[in-house]
A.B. asks: 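Sharing a structure below in structure tokens format, with a few things to ask.
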Protein chains: 2
Amino acid sequence: MLESEDMATEFTGTGDPARSMALLWRTPPGADSRPGPKTTLDVDRIVAAAVALADADGLSALSMRRVAAELGVAAMTLYTHVPGKGELLDLMLDAVLGELHPDERLLTAGPWRARLEALARANWDFFLRHPWALHVSTGRPPLGPGLMRKYELELRAVDGLGLPEVQMDLLVTLVNGFVRGTVGGVHEKAAAERVTGISEDQWWAATEPYVAQVFDAERFPTAARVGPVAGEELGAYDPRRSFEFGLARLLDGIGVLVDTGPAGLSAGGTPT
Amino acid sequence: MLESEDMATEFTGTGDPARSMALLWRTPPGADSRPGPKTTLDVDRIVAAAVALADADGLSALSMRRVAAELGVAAMTLYTHVPGKGELLDLMLDAVLGELHPDERLLTAGPWRARLEALARANWDFFLRHPWALHVSTGRPPLGPGLMRKYELELRAVDGLGLPEVQMDLLVTLVNGFVRGTVGGVHEKAAAERVTGISEDQWWAATEPYVAQVFDAERFPTAARVGPVAGEELGAYDPRRSFEFGLARLLDGIGVLVDTGPAGLSAGGTPT
DNA sequence: ACCATCTCCGTACGGCGTACGTTGTTGCCC
DNA sequence: GGGCAACAACGTACGCCGTACGGAGATGGT
């Protein structure tokens with residue numbers, strides 16, 4: 001095989017949340033002037049270099065050594081400013097999250113459907129711009145200024161609809177989850193193409209004969225009927241189209257909730 | 001920091017689709033009896049060992065050396081049977097996909113809403129059982145028997161609704177994408193806990209004071225109002241609840257499409 | 001009996017994250 | 001101004017990773 005690009009899902013948290021929070025909020029640790037040589041580096045420069053690298057070459061190209069090299073510095077020097085790669089990823093993520101929703105009014109003014117659509121499209125574009133962000137764990141989110149701002153603005157997109165607070169949170173999570181799921185397709189296609197050097201068309205052209213050889217139309221009648229049509233109309237699998245189609249369905253469904261009111265909640269009650 | 005578990009998103013395809021397809025469909029390459037020693041290993045045993053390892057310890061623990069060790073064999077021996085790690089992942093994925101939807105009738109009989117719900121729940125459970133599957137690229141899917149069967153059965157779940165073929169495909173993709181996006185939360189929480197050894201509660205207890213210190217309720221009024229409520233009711237963020245809530249919204253939205261008929265399509269038209 | 005062919009595997013290369021200890025600079029205090 | 005504690009920068013090394021390569025020994029067909 002050619003390569004195996006690993007879009008690492010890495011983790012936040014050093015076990016020392018204090019250090020992480022101090023870094024995220026750029027709270028300098030101590031006094032104004034202290035002994036020791038002047039630093040040639042700072043957290044912002046490291047984060048900026050790392051983001052640029054990940055944007056350009058993907059998360060698999062993001063190594064401490066490469067970031068250091070980009071900054072003209074030895075690898076271990078980074079560890080003076082950042083506890084490890086995990087924390088660096090958190091800092092990167094919070095940094096780029098901060099650039100989301102530059103025009104706040106798109107989320108806070110107008111009818112709810114337009115606001116939620118703006119939310120979804122902004123996140124879609126965001127993940128296209130920073131595909132690596134998809135693969136940074138959200139299990140322990142970096143509670144920095146970027147994420148806080150995003151959460152606030154996105155909550156405003158579902159505010160004033162008469163929904164209980166819990167449902168506001170659930171709605172934001174739902175739309176974000178949908179975007180995450182859908183945008184993955186674009187990213188993985190692009191990454192596959194970059195890594196293998198083989199275009200989507202080339203790959204399919206090479207693979208299709210073997211599919212034809214092995215595919216049993218009697219066992220898979222529905223696939224035999226739908227597959228070709230979908231393949232031709234969507235170009236095998238068109239994530240952009242999936243996004244538009246899915247978003248419309250999703251907003252329709254949310255509309256049912258908003259119109260009926262929270263009392264008409266048809267599910268989402270107690271788990272198990 | 002402690003560790004950085006990397007749920008590698010790795011890629012299919014050696015550039016030799018023939019070899020991949022032959023492996024996926026277990027098409028033996030040549031004659032019945034050929035020179036050379038008997039093999040102690042076969043593809044099925046390798047795949048089974050690899051799946052067991054990934055299920056138990058996560059994708060980051062899945063190294064060729066570990067799989068080989070599990071089989072009592074030298075690392076390089078695996079390469080006699082499998083071209084590389086990428087192909088092994090494809091084989092693993094197709095293998096576990098084959099166990100989806102054991103009861104076909106859940107997808108093929110009954111009202112459409114129940115069928116789609118069964119589809120979603122089956123995939124939800126599947127990703128809980130094999131969390132690593134989330135992180136194997138779908139950009140170039142392994143076109144093996146497992147995936148084919150899944151595609152066929154899931155298409156049947158949206159068959160007979162009077163929808164055009166393209167929309168059947170889009171609907172299956174939509175529900176699957178939703179599940180993928182939502183289940184990620186569970187997985188990443190569990191993985192974070194396993195890797196760091198710190199429980200969700202411990203982490204939040206350690207982090208919360210620093211949040212309180214830095215959070216500005218005037219800048220983030222909506223978050224200040226919603227966050228605590230959602231936090232208390234959902235336990236910070238409860239993916240199970242998000243799934244139930246989101247699924248209900250999604251099915252409502254699909255219901256609008258199904259009831260209105262494809263003519264009433266409110267979006268999903270031409271891209272750009 | 002030969003030999004082409006195949007399985008298995010030991011070694012090695014270049015990557016990774018990062019622990020550890022050294023070097024040399026700096027500001028504070030006496 | 002001299003000394004020293006604190007600090008940034010960094011060289012080396014360890015244990016991982018995927019896998020290229022070539023050798024050794026077993027096998028079946030001729």
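Naming: A, B, ... by sequence-line order, numbering from 1 per chain.
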A.B. asks: Do E99(A) and R129(A) sit within salt-bridge range, that is, some charged N less than 4.0 Å from a carboxylate O?
C.D. replies: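 Counted as a salt bridge, because a side-chain N and a carboxylate O are separated by less than 4.0 Å.
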
A.B. asks: May I ask you to say whether R140(A) pairs ionically with D90(A), meaning some side-chain N is under 4.0 Å from a carboxylate O?
C.D. replies: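 No, this pair does not count.
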
A.B. asks: Closest to the P35(A) side chain: dT26(C), dC17(D), dC8(C)?
C.D. replies: dT26(C)

A.B. asks: Would you say S63(B) reaches dC16(D)'s phosphate, i.e. side-chain N/O to OP1/OP2 under 4.0 Å?
C.D. replies: no

A.B. asks: With no hydrogens and no angle check, just 3.5 Å: does a side-chain donor-acceptor pair link Y151(A) and D169(A)?
C.D. replies: yes

A.B. asks: Ignoring hydrogens and angles, does a donor from either the side chain of R65(B) or the base of dG18(D) sit under 3.5 Å from an acceptor on the other?
C.D. replies: yes

A.B. asks: For I46(B) and dT7(C), what is the distance between atoms CD1 and P respectively, to the nearest whole Å?
C.D. replies: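 It works out to 11 Å between those atoms.
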
A.B. asks: Start with the C-alpha distance between T27(B) and M21(B), add both sets of side-chain angles, then the distance that settles side-chain contact (heavy atoms from CB on, under 4.5 Å), and finish with yes or no.
C.D. replies: CA-CA 8 Å; T27(B) 317; M21(B) 291 296 281; over 6 Å; no

A.B. asks: Counting just side-chain N and O atoms, does K38(B) come under 4.0 Å of either OP1 or OP2 of dG28(D)?
C.D. replies: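 So the side-chain polar atoms of K38(B) do come within 4.0 Å of the phosphate oxygens OP1 or OP2 of dG28(D), strictly under.
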
A.B. asks: Using the side-chain heavy atoms of P37(B), tell me which of these nucleotides is nearest: dG17(C), dG24(C), dA26(D).
C.D. replies: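 Nearest to the side-chain atoms of P37(B), counting from C-beta on, is dA26(D).
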
A.B. asks: Check K150(A), R149(A), E154(A) against H101(A) for a side chain to side chain donor-acceptor pair (under 3.5 Å) and give me the one that passes.
C.D. replies: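 With H101(A) as partner, side chain to side chain donor-acceptor pair (under 3.5 Å) holds for just one option, E154(A).
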
A.B. asks: Please work out which residues in residues 68-81 of chain B have a non-hydrogen atom less than 4.0 Å from an atom of DNA chain C and list them by number.
C.D. replies: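 Those residues whose heavy atoms fall under 4.0 Å from DNA chain C, taken from residues 68-81 of chain B in numerical order, are V73(B), A74(B), M76(B), T77(B), T80(B), H81(B).
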
A.B. asks: Starting at atom CG of L62(A), determine the distance to atom P of dG15(C), rounded to an integer number of angstrom.
C.D. replies: 16 Å

A.B. asks: Rounded to whole angstroms, how far apart are CE on M64(B) and P on dC16(D)?
C.D. replies: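 It works out to 18 Å between those atoms.
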
A.B. asks: Starting at NZ of K85(B) and ending at P of dC17(D), how long is that distance when rounded to a whole Å?
C.D. replies: 9 Å

A.B. asks: In terms of ring plane angle, is the pair F215(B) and F220(B) parallel, tilted or perpendicular, where the classes change at 30° and 60°?
C.D. replies: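 F215(B) vs F220(B) ring planes: tilted.
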
A.B. asks: Rounded to whole Å, please give me the gap between CG in L41(A) and P in dA8(D).
C.D. replies: 11 Å

A.B. asks: Using whole Å, what does the distance between atom C1' of nucleotide dT18(C) and atom CG of L88(A) come to?
C.D. replies: 14 Å

A.B. asks: Has F126(A) got more than 12 heavy atoms of other residues, nucleotides or ligands less than 6.0 Å from its CZ?
C.D. replies: yes

